[in-house]
Engineer: 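For reference, the structure I am asking about is given below.
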Amino acid sequence: MRFLTERESERLMGLPEGWTAYGADGGEIRPSARYKALGNSIALPCADYIMAGIYEALAGKEET
């Protein structure tokens, strides 16, 4: 059994490679912190789908 790399985890979440590699201060982030950040996030395709549904509901463009 093997664990996913940080890069593979980012790809699965729909993020560009290296997205979690550096913090706001420009310093490199430890792998354990990157895994934690990715584990506490939502996949971008899922978020896009949910937000599109909310937009349609608020704009009155619901399909019947």
Engineer: Checking S9 now: which residues fulfil side-chain hydrogen bond (donor to acceptor under 3.5 Å, both in side chains) with it, not counting sequence neighbours?
Structural biologist: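 If we apply the side-chain hydrogen bond (donor to acceptor under 3.5 Å, both in side chains) test to S9, skipping adjacent residues, there are no hits.
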
Engineer: Donor-acceptor pairs under 3.5 Å, side chain of residues 11-20 to any protein atom, not counting sequence neighbours: which ones?
Structural biologist:
| residue | atom | partner | partner atom | Å |
| --- | --- | --- | --- | --- |
| R11 | NE | E17 | OE2 | 2.9 |
| R11 | NH2 | E17 | OE2 | 2.4 |
| E17 | OE1 | R7 | NE | 3.3 |
| T20 | OG1 | E10 | OE2 | 2.5 |
| T20 | OG1 | R34 | NE | 3.0 |

Engineer: Please report the shortest heavy-atom distance between E8 and F3, naming the atom on each side.
Structural biologist: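 Residues E8 and F3, closest heavy atoms: OE1-O, 4.4 Å.
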
Engineer: Enumerate, atom names and distances included, each donor-acceptor pair closer than 3.5 Å involving a side-chain atom of residues 37-49, sequence neighbours excluded.
Structural biologist:
| residue | atom | partner | partner atom | Å |
| --- | --- | --- | --- | --- |
| N40 | ND2 | K36 | O | 3.3 |
| S41 | OG | L38 | O | 2.7 |

Engineer: Just jot down the side-chain hydrogen bond (donor to acceptor under 3.5 Å, both in side chains) partners of E6, sequence neighbours excluded, or say none.
Structural biologist: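 E6 satisfies side-chain hydrogen bond (donor to acceptor under 3.5 Å, both in side chains) with no residue once adjacent residues are dropped.
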
Engineer: Run through the side-chain heavy atoms of Ile, Leu, Val, Met, Phe, Trp and Tyr, join any pair under 4.5 Å, and report what else lands in I29's cluster.
Structural biologist: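 Members alongside I29: none; it stands by itself.
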
Engineer: Can a donor-acceptor pair be found, under 3.5 Å and without considering hydrogens, that links the side chain of E56 to the backbone of G53?
Structural biologist: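 Absent.
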
